[in-house]
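These notes are about the structure you will find just below.
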Amino acid sequence: MNRIYHNPRCGTSRSALQTLQDRGLQVEIIEYLKTPLSRAELAQLIADAGLTVREAVREKEDIYRELGLDDPAVGDDRLLDAMAEHPILLNRPFVVTEKGTRLCRPATVIEEIL
């Protein structure tokens, strides 16, 4: 099953979803802002994508700075806790296919797993 962790307000996320649909693929759409991932699910998704936790954090959100997450000394545990509590901090879109998991930013990264 193909899965996208999707934010419909995000153009990159919409583009990745459109690519999946254009390929005629069945897609499970998880709107992670409505159905947040647990801390363990976040950690697994990020690891499956081959990223560090910091690479998966969305730095453009005000809450990122408000929580002091921009401090390079902040470790993975605190970042994961913040992402679990504030799902907007998860960068997007993450896409999972039988070929792998990627943070599809830019959206063309999706080609690596199709």
Side-chain angles (χ1 to χ4, degrees):
M1 174 55 97
N2 303 295
R3 188 176 319 120
I4 184 170
Y5 294 88
H6 180 59
N7 179 345
R9 297 185 69 196
C10 172
T12 304
S13 193
R14 289 192 309 268
S15 178
L17 177 58
Q18 188 66 53
T19 298
L20 292 165
Q21 292 171 333
D22 288 349
R23 298 284 176 98
L25 299 171
Q26 297 270 339
V27 184
E28 178 185 6
I29 301 169
I30 299 171
E31 290 190 32
Y32 65 92
L33 294 177
K34 292 181 181 177
T35 309
L37 284 75
S38 70
R39 186 183 191 284
E41 289 169 325
L42 286 165
Q44 188 64 57
L45 183 68
I46 293 165
D48 289 349
L51 299 174
T52 65
V53 176
R54 187 159 296 280
E55 290 170 327
V57 175
R58 184 167 172 79
E59 299 174 354
K60 294 180 180 181
E61 299 299 328
D62 290 340
I63 192 80
Y64 177 78
R65 286 174 298 289
E66 290 168 12
L67 294 174
L69 302 177
D70 52 341
D71 180 346
V74 171
D76 289 355
D77 286 336
R78 183 157 169 222
L79 291 171
L80 284 168
D81 288 343
M83 292 166 77
E85 187 174 343
H86 305 280
I88 194 70
L89 288 171
L90 177 64
N91 216 337
R92 76 264 180 163
F94 275 85
V95 176
V96 179
T97 72
E98 63 183 19
K99 293 184 179 179
T101 302
R102 295 288 184 279
L103 171 58
C104 295
R105 240 180 145 67
T108 55
V109 170
I110 199 170
E111 298 297 332
E112 296 175 8
I113 55 173
L114 293 180

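The model shown is predicted, which means the values in this text are computed figures rather than measured ones.
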Would you say Leu37 and Tyr5 make side-chain contact, with heavy atoms under 4.5 Å?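 They are in contact (side-chain heavy atoms under 4.5 Å apart), so the answer is yes.
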Not counting sequence neighbours, which residues clear side-chain contact (heavy atoms from CB on, under 4.5 Å) with [X]? List them please.
{"X": "Gln18", "result": "Gln21, Asp22"}
{"X": "Pro87", "result": "Tyr32, Leu33, Pro36"}
{"X": "Thr52", "result": "Arg54, Glu55"}

Show the numbers, then the answer: is there a side-chain contact (heavy atoms from CB on, under 4.5 Å) between Asp48 and Gln44? CA-CA 6 Å; Asp48 289 349; Gln44 188 64 57; 2.7 Å; yes
Salt bridge (Lys or Arg N to Asp or Glu O under 4.0 Å) partners of residues 7-19, not counting sequence neighbours, each pair once: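 For residues 7-19, and leaving out neighbouring residues, there are no salt bridge (Lys or Arg N to Asp or Glu O under 4.0 Å) pairs at all.
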Summary of salt bridge (Lys or Arg N to Asp or Glu O under 4.0 Å) pairs that have at least one residue in residues 88-107, sequence neighbours excluded: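 For residues 88-107, and leaving out neighbouring residues, the salt bridge (Lys or Arg N to Asp or Glu O under 4.0 Å) pairs sorted by first residue read Arg102-Glu112.
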Result of checking Ser13, Pro93, Ser15 against Cys104 for side-chain contact (heavy atoms from CB on, under 4.5 Å):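 Filter result, single survivor: Pro93.
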Taking the hydrophobic residues Ile, Leu, Val, Met, Phe, Trp and Tyr, and joining any pair whose side-chain heavy atoms are under 4.5 Å apart, which ones share a cluster with Leu114?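 Direct or chained contacts put Leu114 with Ile4, Leu17, Leu20, Leu25, Val27, Ile29, Val95, Ile110, Ile113.
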Given a cutoff of under 4.5 Å between side-chain heavy atoms of I, L, V, M, F, W and Y, with clusters grown through shared members, what are the other residues clustered with Val109?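 Other cluster members: none.
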Could you tell me which residues satisfy side-chain hydrogen bond (donor to acceptor under 3.5 Å, both in side chains) with Glu111, sequence neighbours excluded, listed by chain and number?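 If we apply the side-chain hydrogen bond (donor to acceptor under 3.5 Å, both in side chains) test to Glu111, skipping adjacent residues, the hits are Arg23.
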Set of residues satisfying side-chain hydrogen bond (donor to acceptor under 3.5 Å, both in side chains) with respect to Ser38, sequence neighbours excluded: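 Once residues adjacent in sequence are excluded, the partners of Ser38 under the side-chain hydrogen bond (donor to acceptor under 3.5 Å, both in side chains) criterion are Glu41.
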Pairs of donor and acceptor atoms involving the side chains of residues 71-83, under 3.5 Å and at least two apart or interchain, shall be tabulated with distances.
{"unit_1": "Asp71", "atom_1": "OD1", "unit_2": "Ala73", "atom_2": "N", "d": "2.8"}
{"unit_1": "Asp77", "atom_1": "OD1", "unit_2": "Arg39", "atom_2": "NH2", "d": "2.9"}
{"unit_1": "Arg78", "atom_1": "NH2", "unit_2": "Leu67", "atom_2": "O", "d": "2.3"}
{"unit_1": "Asp81", "atom_1": "OD1", "unit_2": "Arg39", "atom_2": "NE", "d": "2.6"}

If I take atom CG from residue Leu89 and atom OH from residue Tyr64, how far apart are they, to the nearest 0.5 angstrom?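 Taking CG in Leu89 and OH in Tyr64, the distance rounds to 9.0 Å.
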What's the separation between atom CG in Asn91 and atom CG in Leu51, rounded to the nearest 0.5 Å?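 Asn91 atom CG to Leu51 atom CG measures 9.0 Å (nearest 0.5 Å).
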Gln26 atom CD, over 12 foreign heavy atoms within 6.0 Å: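 Counting neighbours around CD of Gln26, 12 or fewer heavy atoms of other residues, nucleotides or ligands fall under 6.0 Å, so no.
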Would you mind writing out the side-chain donor-acceptor pairs for residues 56-63 within the sub-3.5 Å range, not counting sequence neighbours?
{"unit_1": "Arg58", "atom_1": "NE", "unit_2": "Glu61", "atom_2": "OE2", "d": "2.9"}
{"unit_1": "Asp62", "atom_1": "OD1", "unit_2": "Arg65", "atom_2": "NH2", "d": "3.1"}

